[in-house]
Amino acid sequence: MSVLTSARPQVVAIEASEGYWRSVLRRFLKDKVAVAAAIVVLAIVLAALFAHWIAPMDPYAGRTFRRLRPIGTEGFPLGTDELGRDMLSRLIVGARMSLLMGVTPVLIAFGIGSVLGIAAGFIGGWFNTAVMRTVDVFYAFPSVLLAVALSGALGAGLGNAMLSLTIVFIPPIVRVAEAVTTQVRARDYVEAARASGASALTIVRVHVLGNVLGPIFVYATSLISVSMILASGLSFLGLGVRPPEPEWGLMLNTLRTAIYVQPWVAALPGLCIFVTSIAFNMFSDGLRSAMDVKA
Amino acid sequence: MTSPATPLISVTGLARHFAVRRDLLGRPIAVVRAVDGVDFTVRKGETLGIVGESGCGKSTTARLMLKLIEPDAGEIVFDGAEVGGRDLPLKEFRRQAQIVFQDSYASLNPRLTIEASIAFGPQVHGLPARQAVERARALLARVGLEPARFAGRYPHELSGGQRQRVNIARALAFEPRLLVLDEAVSALDKSIEAQVLNLLVDLKEEFGLTYVFISHDLNVVRFMSDRVMVMYLGKVAEIGPADAVFATPRHPYAGALLRSMPSMDPDNRTEEAPISGDPPSPINPPPGCRFHTRCSLAEPVCAQRAPVLGGGDHGVACLMHEAGSGHSRAVGAAA
């Protein structure tokens, strides 16, 4: 190996190539729709984080004499709800609970589901069969039904609602993780890594994770909107957040009786859920195309 | 190190069957006999070319001999030591025997810089990261890619020829003794292919390598190989010195394969297709000699009796070369 040993350590400036994440950012910024969605998501997250500073009024304080005022009432730009509480303040503060219930279950499910799915995909064989068939059992139930049934069985409450949502989201994430990992495992560079004599753990760390986490994460992002809608549904059924805590799903529920009196005010929480989930979906969609290397 | 006469790698009875369909209990119903009893040796410092049609088991043989696929049967001895045995642990064998694949893009992790891809191997075998990167840069320079320009790039920023150079450097970073080139130049443009072939010839000399060169391109195999092995449907049909095999093929299949090479001589045109049709399915290979369904010299005995590879240095598996096999053209047959 004369060439190798005689080669002096070269102190040359290595021409920096655009890193992977920088190129993702560049492609993402080109996508106008995705950028707009990202701005909306950011605004909602900021509003939720600083809700108590932004909210113009106390979201819990109601007055019976100013119930169900229409949109544009002086002092109450988005009207008031059935107990006379300021809708704008409640919607801003409600974003906290809705986001929390939308994001937390997905994050936890992303962690657990990725580990299971990557292990199943990489190990293969009977382990794969065992994991995937177990996951299939959960697929027998529609996700709404599963969430409601689990929540009902566990009992009402914020923690139980999030736990049941987590259980609902693990199977789809396992499936995606398994599919992507199986695909990556068959690539020649993984075969080359096996031919290098590296241990399975090293191969997963260096060659598999970087190539599968991206797609799994993007898929998980798209579940946030589903999670928010399901969480709203659970609150609507009285299984999630409890009154008087503001949460969009719960607000939709309590305001439904007012649908003939103040339809626009009653529709506001629904509109918030709609806009937020659409924004998350478009954001994850843009992220997915930006992460496609060959583009 | 053992004597130079010891073969670098010697393979006996190598077999691998893939189940294509299974019944409810997971028992195989249909089995592809991808590689079915293959014996050969590769001598130190030589290039063994492996040729054959698509699906004849060339690539599977390569992966089996490197233990990338676990063989169903067979023994692999590397420089006198059993692979995976006490004298040669699998990890050390992996360092000494490397492979370059056909698809240069799929062979490189898209998320790693090429420098990191090359440095990965030596690090697995305990070289500190810094030295591994130095080695990667030295090798990049050696395969003709200026480290200052290329080391930090990602695979998709390179051309096919450049990527295959990177893959060669990646394999060489292990300081291997055996390099398996599985259709390594087949996907490249002709002009690039020639450059890479010349590079391979130079590297072999410089690093004292032994090659197993798999290709469907007979001209390229002839250029590269000292010895040639012709495979048909998972078995070795003929193996021998390249000059002898190309000048006087002994197996009818090898002869037909060579006649299918386009000739540069206008007086020596290929008038008839020397071989036609697809090879039979390896799921249910024909009994007897596997080539008898397409062989112009086949006789009834060929469908009954399987030929055995024999004939010393220039070995052939054909009943016509087995004394007393019952084939009318057999050596020493009572005509």
Side-chain angles (χ1 to χ4, degrees), chain A residues 1-24 27 124-126 128-130 180 183-215 291-295, chain B residues 63 66-68 89-95 97-117 120-125 130-131 134-135 137-139 141-142 146-157 167 170-175 180 206-208:
Chain A
M1 291 287 158
S2 57
V3 158
L4 295 185
T5 44
S6 66
R8 275 169 290 126
Q10 288 165 301
V11 196
V12 283
I14 298 300
E15 196 172 286
S17 184
E18 189 184 29
Y20 173 72
W21 291 108
R22 279 185 77 143
S23 74
V24 169
R27 281 192 295 268
W126 65 266
N128 182 306
T129 312
V180 184
Q183 224 172 36
V184 166
R185 188 177 75 137
R187 297 273 160 79
D188 284 345
Y189 59 82
V190 174
E191 177 123 46
R194 290 204 298 126
S196 75
S199 67
L201 224 57
T202 309
I203 296 175
V204 169
R205 185 170 53 81
V206 179
H207 294 287
V208 177
L209 279 188
N211 289 293
V212 300
L213 280 186
M291 281 170 77
D292 199 352
V293 179
K294 269 162 272 176
Chain B
R63 283 167 170 76
L66 294 178
K67 288 245 183 183
L68 286 174
L90 192 59
K91 189 168 178 180
E92 178 55 21
F93 171 66
R94 296 237 186 276
R95 189 189 70 69
Q98 275 296 311
I99 183 164
V100 176
F101 298 107
Q102 172 171 11
D103 187 339
S104 65
Y105 186 67
S107 303
L108 293 168
N109 186 340
R111 296 288 156 84
L112 294 184
T113 60
I114 60 173
E115 172 181 81
S117 272
F120 174 75
Q123 281 173 274
V124 166
H125 290 275
R130 210 199 195 120
Q131 280 158 271
E134 270 166 29
R135 186 184 283 185
R137 289 185 190 167
L139 278 168
R142 182 59 198 88
E146 204 186 311
R149 277 183 61 206
F150 290 97
R153 291 206 191 174
Y154 287 85
H156 69 271
E157 300 173 303
N167 281 312
R170 185 185 55 70
L172 289 179
F174 292 85
E175 304 188 327
V180 176
E206 195 174 320
F207 296 105

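Proteins come first, then strands; the chains are lettered A, B, ... in the order of their sequence lines, and each starts at number 1. A quick note: this is a predicted structure, and the numbers were derived from the prediction, not measured.
- Nearest heavy atom pair, residue A:Arg194 against residue B:Leu68, reads NH2-O, 3.2 Å.
- Residues B:Ser107 and A:Tyr189 come closest through the heavy atom pair O-CB, 3.3 Å.
- Contacts with chain B were tallied for A:Ser199, A:Ala193, A:Gly210; A:Gly210 has the most, counting heavy-atom pairs under 4.5 Å.
- At a 4.5 Å heavy-atom cutoff, the contact between B:Ile99 and chain A is made by side-chain atoms alone.
- How far OG of A:Ser23 is from NE2 of B:His156: 6.0 Å, rounded to the nearest 0.5 Å.
- When B:Leu108, B:Val100, B:Leu90 are compared by the number of non-hydrogen pairs under 4.5 Å with chain A, B:Leu108 comes out ahead.
- For the pair B:Pro110 and A:Asn211, the tightest heavy-atom approach, listed with the atom from each and the gap, is CG-OD1, 3.4 Å.
- Contact count versus chain A (heavy atoms, under 4.5 Å) is highest, among B:Asn167, B:Asn109, B:Leu112, B:Val124, for B:Asn109.
- Residues A:Ala192 and B:Arg170 come closest through the heavy atom pair CB-NH1, 3.5 Å.
- In this structure, B:Phe120 and A:Thr202 approach most closely via the heavy-atom pair CE1-CG2, 3.9 Å.
- Residue B:Arg130 does not touch chain A at all, counting heavy-atom pairs closer than 4.5 Å.
- Here the side chains of A:Arg187 and B:Asp103 are not in contact, with every heavy-atom distance at 4.5 Å or above.
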